[in-house]
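To find a chain, count down the sequence lines: A is the first, B the second, and so on, and within it residues start at 1.
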Amino acid sequence: MTNTKNIFPGLIAHCKEYGFIFPSSEIYEGLQAVYDYGQMGSELKKNIRDHWWKNMTQLHDNIVGIDAAIFMHPTTWKASGHIDNFNDPMIDNKDSKKRYRVDHLIEGFADEQLAAGHEELAKEVLKCMDALLAKDDFTGLKKLIDDNKIKCAISGTCNWTDIRQFNLMFSTEFGSIAATGETDNKVYLRPETAQGIFVNFLNVQKSGRMKIPFGIAQVGKAFRNEIVARQFIFRMREFEQMEMQFFIRPGTQKEWYEYWKAERLKWHLELGIPGNKYRYHDHVKLAHYADAACDIEYEFPFGFKEVEGIHSRTDFDLTQHQEYSKKKMQYFDNDIDVSTGKPFGNYIPYVIETSIGLDRMFLLVMSHAYEEQDLGTPDKPDSRVVLKLPAKLAPIKLAILPLTKKDGLPEIATKIMDACRADFRCFYEEKDSIGKRYRRMDALGTPFCVTIDHQTKEDDTVTIRYRDTMLQERIPITKIRDIVTKEIS
RNA sequence: GCGGCAAUAGCUCAUCUGGUAGAGCACCAGUUUCCCAAACUGGAGGUGGCGGGUUCGAGCCCCGUUUGCCGCUCCA
């Protein structure tokens with residue numbers, strides 16, 4: 001860390017004080033790991049979202065956007081592997097405080113027995129475990145652990161808690177009539193947005209006459225019932241993802257994976273954030289669907305953490321959906337394969353995914369922008385808090401400040417306001433000293449302030465003041481709009 | 001999930017060993033002010049996170065709980 005002082009607590013306080021982020025339902029003591037975006041935060045978040053959306057859809061060939069529902073058919077999550085892979089029963093050792101997946105604990109025991117030559121026992125235990133797991137019989141599984149005196153590797157004791165299910169997906173009742181017996185009307189709140197893209201692969205490909213390689217982008221909320229959710233908005237239970245699934249010809253995944261790795265990092269750097277704050281982290285242990293994966297990590301005030309993932313998902317998802325839905329997830333490729341001289345023909349496309357957390361990007365941008373400056377001189381102590389937000393992301397682009405609220409200055413200011421407000425977000429303020437107003441705008445990250453004074457009445461010029469340098473210059477009123485527009489586009 | 005620390009006005013913090021809750025800034029209404037915060041007058045704002053307990057009396061002591069930060073743990 002370059003900064004010796006931890007700016008994180010100050011940043012969190014700043015977010016609340018200036019209307020960026022509030023704890024959810026705060027008057028009721030809040031809700032753990034849920035946050036609301038305030039009047040400034042929602043603008044900044046929207047600007048980040050729009051910036052990503054424009055970059056991915058408008059500025060890339062062959063990428064279109066969709067907006068899928070949060071509710072999806074329950075089979076989606078069977079096909080994706082979320083139900084089978086992420087509903088594992090867990091058990092804690094009370095002495096070591098270590099938590100185990102029950103199946104891992106028992107399998108570990110079986111391996112030990114096998115190594116010790118007790119082949120029969122090992123087989124018997126595993127058989128028993130599989131039967132109990134299939135029935136979700138937690139009492140039986142606990143008994144199996146107790147009966148075999150399976151010990152914790154760390155504490156060496158058999159002092160276990162009851163077996164508990166940690167379900168990372170939120171569920172709710174679908175339809176107004178509660179489930180009765182056999183009819184299960186449980187639906188999940190999506191734990192990732194990606195599946196909304198996969199299930200629409202055929203719809204988009206056919207209705208948009210999309211030709212491989214092409215991408216589908218989406219921004220939306222996702223929900224995960226995190227066991228430990230912390231570090232402000234870094235890990236929330238309700239969060240927003242910006243994802244793009246890029247469909248490609250099998251065999252080309254390596255080059256496209258590298259392409260998107262580079263392309264996505266370029267997007268981050270274009271915001272003016274220095275490259276040494278970023279690094280790639282290649283996954284060694286790959287998820288069940290991936291043949292290559294890496295994270296783009298950013299040096300947050302609490303260390304390097306993942307902000308975006310680039311995954312080579314193979315044809316896992318589409319194949320799974322084909323199997324569960326019985327719909328052919330095929331693409332017919334008319335391009336000629338030079339090695340055979342014939343078209344590539346039918347295949348299930350491979351997928352490269354780029355997935356970035358919008359809330360994490362928000363925190364990244366804020367972390368980078370937030371600065372506590374000491375402007376003191378020997379005569380006078382002085383300081384300011386400034387958000388050096390990229391101009392295109394700033395919630396307010398231009399503050400329009402009459403130097404006094406008399407002598408017709410507010411009227412001129414109002415005219416400037418009317419001329420600009422349709423093009424970008426402006427803020428008018430006539431209260432308090434000019435210095436105080438500048439500092440308030442610094443704290444909100446407003447890149448430009450223009451001040452109307454008596455000279456304005458004579459020659460139609462104003463003072464423009466720049467946030468980062470605090471320098472001022474005299475410009476004609478007619479140039480204001482161009483200067484701001486140029487910087488925010 | 002375990003451990004540590006914390007919670008008093010919008011913000012930052014005081015209130016000495018338990019004895020009527022205070023300041024600065026911010027805010028609101030005015031005054032003043034011609035270019036970088038903290039000028040003047042007046043005003044509003046707190047059941048001290050929430051719930052119990054001990055005590056004649058609790059912001060302060062005890063228990064519980066909620067939320068946050070930090071260290072472990074976990075993270076498709």
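- Judged by atom type and distance alone, A:S80 does not reach the base of B:rA76 through any side-chain donor-acceptor pair under 3.5 Å.
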Listing time: all N or O pairs from protein to nucleotides 8-11 of chain B that are below 3.5 Å?
residue, atom, partner, partner atom, Å
B:rC11, OP1, A:K16, NZ, 3.3

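- The CG atom of A:L409 sits 13 Å away from the P atom of B:rC35 (whole-angstrom rounding).
- A salt bridge links A:E258 with A:K254; the closest basic N to acidic carboxylate O contact falls under 4.0 Å.
- Applying the ring pair (Phe, Tyr, Trp, His ring centres under 6.0 Å) test between A:F232 and each of A:F20, A:F362, A:Y35 identifies A:Y35 as the sole match.
- Here the P atom of nucleotide B:rU12 and the OH atom of A:Y18 are 11 Å apart, to the nearest Å.
- Comparing the same atom, C1', in B:rC61 and in B:rC25 gives a spacing of 33 Å after rounding to whole Å.
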Item to check | Derivation and outcome, side-chain contact (heavy atoms from CB on, under 4.5 Å), residues A:W267 and A:I356 | outcome: CA-CA 12 Å; A:W267 179 84; A:I356 176 168; 3.9 Å; yes
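- Separating the P atom of B:rA38 from that of B:rC27 is a span of 12 Å, rounded to the nearest Å.
- Taking the nucleotide of RNA chain B with the nearest heavy atom to each of A:D382 and A:R360, the more 5' of the two is matched to A:D382.
- Comparing the C1' positions of B:rC35 and B:rG71 gives an interatomic distance of 48 Å, to the nearest angstrom.
- Evaluation of the side-chain contact (heavy atoms from CB on, under 4.5 Å) rule for A:S42 yields A:Y37 as partners, not counting sequence neighbours.
- Secondary-structure annotation of RNA chain B gives the stems B:1-7 with B:66-72, B:10-13 with B:22-25, B:27-31 with B:39-43, B:49-53 with B:61-65, with a stem taken as at least 3 successive Watson-Crick or G-U pairs whose two distances both fall under 3.5 Å.
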Acceptor/donor pairs from residues 437-444 of chain A side chains to any protein atom, 3.5 angstrom cut, sequence neighbours excluded:
residue, atom, partner, partner atom, Å
A:R437, NE, A:K431, O, 3.0
A:R437, NE, A:D432, O, 3.0
A:R437, NH1, A:P402, O, 2.8
A:R437, NH1, A:E429, O, 2.9
A:R437, NH2, A:P402, O, 3.3
A:R437, NH2, A:L403, O, 3.3
A:R437, NH2, A:D432, O, 3.1
A:Y438, OH, A:T451, OG1, 2.7
A:Y438, OH, A:Q472, OE1, 3.3
A:R439, NH1, A:D382, OD1, 3.1
A:R439, NH1, A:S383, O, 3.3
A:R439, NH2, A:D382, OD2, 3.2
A:R440, NE, A:E429, OE2, 3.4
A:R440, NH1, A:D432, OD2, 3.2
A:R440, NH2, A:E429, OE2, 3.1
A:R440, NH2, A:D432, OD2, 3.1
A:D442, OD1, A:R384, NH1, 3.4
A:D442, OD1, A:R465, NH1, 2.7
A:D442, OD2, A:R384, NH1, 2.8
A:D442, OD2, A:R465, NH2, 3.0

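- We find that NE2 of A:H14 is positioned 15 Å from C1' of B:rU12, with the value rounded to whole Å.
- Remark: the A:H82 side chain and the A:Q195 side chain contain no N/O donor-acceptor pair separated by less than 3.5 Å.
- For the C1' atoms, the distance from B:rU17 to B:rA29 is 45 Å, rounded to whole Å.
- With sequence neighbours excluded, the residues satisfying side-chain contact (heavy atoms from CB on, under 4.5 Å) with A:F304 are A:R279, A:E297, A:E299.
- Separating the CZ atom of A:R235 from the P atom of B:rU73 is a distance of 13 Å, rounded to the nearest angstrom.
- Positionally, the nearest nucleotide of RNA chain B for A:L403 lies more toward the 5' end than for the other of A:H311 and A:L403.
- Between A:R313 and A:E192, at least one side-chain nitrogen of the basic residue sits less than 4.0 Å from a carboxylate oxygen of the acidic one, meeting the salt-bridge criterion.
- The two residues A:W52 and A:E243 come nearest to each other via the heavy atoms CH2-O, 3.3 Å.
- Annotation: cation-pi geometry satisfied between A:K261 and A:Y280 (NZ/CZ under 6.0 angstrom from ring centroid, within 45° of ring axis).
- The distance from atom CG of A:D442 to atom P of B:rC35 is 18 Å, rounded to the nearest whole Å.
- Judged as a salt bridge (charged side-chain N to carboxylate O under 4.0 Å, His left out), and not counting sequence neighbours, A:K305 has no contacts.
- In this structure, CG of A:L471 is placed 13 Å from C1' of B:rC35, rounded to the nearest angstrom.
- The aromatic rings of A:H281 and A:H283 are tilted relative to each other, their planes meeting at an angle between 30° and 60°.
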Quick test: give all pairs of protein nitrogen or oxygen and nucleotides 27-31 of chain B nitrogen or oxygen below 3.5 Å, distance rounded to 0.1 Å.
residue, atom, partner, partner atom, Å
B:rC27, OP1, A:R440, NH1, 3.0

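- Not counting sequence neighbours, A:D291 has no partner by the salt bridge (charged side-chain N to carboxylate O under 4.0 Å, His left out) test.
- Looking at heavy-atom distances under 4.0 Å, A:T463 makes contact with a base.
- Among residue pairs with one or both ends in residues 15-28 of chain A, those qualifying as side chain to side chain donor-acceptor pair (under 3.5 Å) are A:K16-A:E26; sequence neighbours excluded.
- Annotation: B:rU66 and B:rU47 have their P atoms spaced 23 Å apart (nearest Å).
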Contact list (N/O, under 3.5 angstrom) for nucleotides 64-70 of chain B vs protein:
residue, atom, partner, partner atom, Å
B:rU67, O4', A:E29, O, 3.4
B:rG68, OP1, A:A33, N, 3.0
B:rC69, OP1, A:F232, N, 2.6
B:rC70, N4, A:R230, NH1, 2.4

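- In this view, A:K143 and A:D147 satisfy the salt bridge (charged side-chain N to carboxylate O under 4.0 Å, His left out) rule, not counting sequence neighbours.
- In this structure, the CZ atom of A:R439 is 15 Å from the C1' atom of B:rC25, given to the nearest Å.
- Taking atom P in both B:rC74 and B:rG53, one finds a spacing of 42 Å when rounded to whole Å.
- A:R384 comes within contact range of no nucleotide atom at all, as no heavy-atom separation falls under 4.0 Å.
- The separation of B:rU67 from B:rG24, taken at their C1' atoms, amounts to 27 Å, rounded to a whole angstrom.
- Nucleotides B:rA9 and B:rG4, compared at atom C1', are 29 Å apart to the nearest Å.
- With hydrogens and angles ignored, no donor-acceptor pair closer than 3.5 Å exists between the side chain of A:R465 and the base of B:rC35.
- Applying the side chain to side chain donor-acceptor pair (under 3.5 Å) definition to pairs two or more places apart or across chains, those involving residues 475-486 of chain A are A:D423-A:R481.
- Rounding to whole angstrom units, CZ of residue A:F448 and C1' of B:rC35 are separated by 18 Å.
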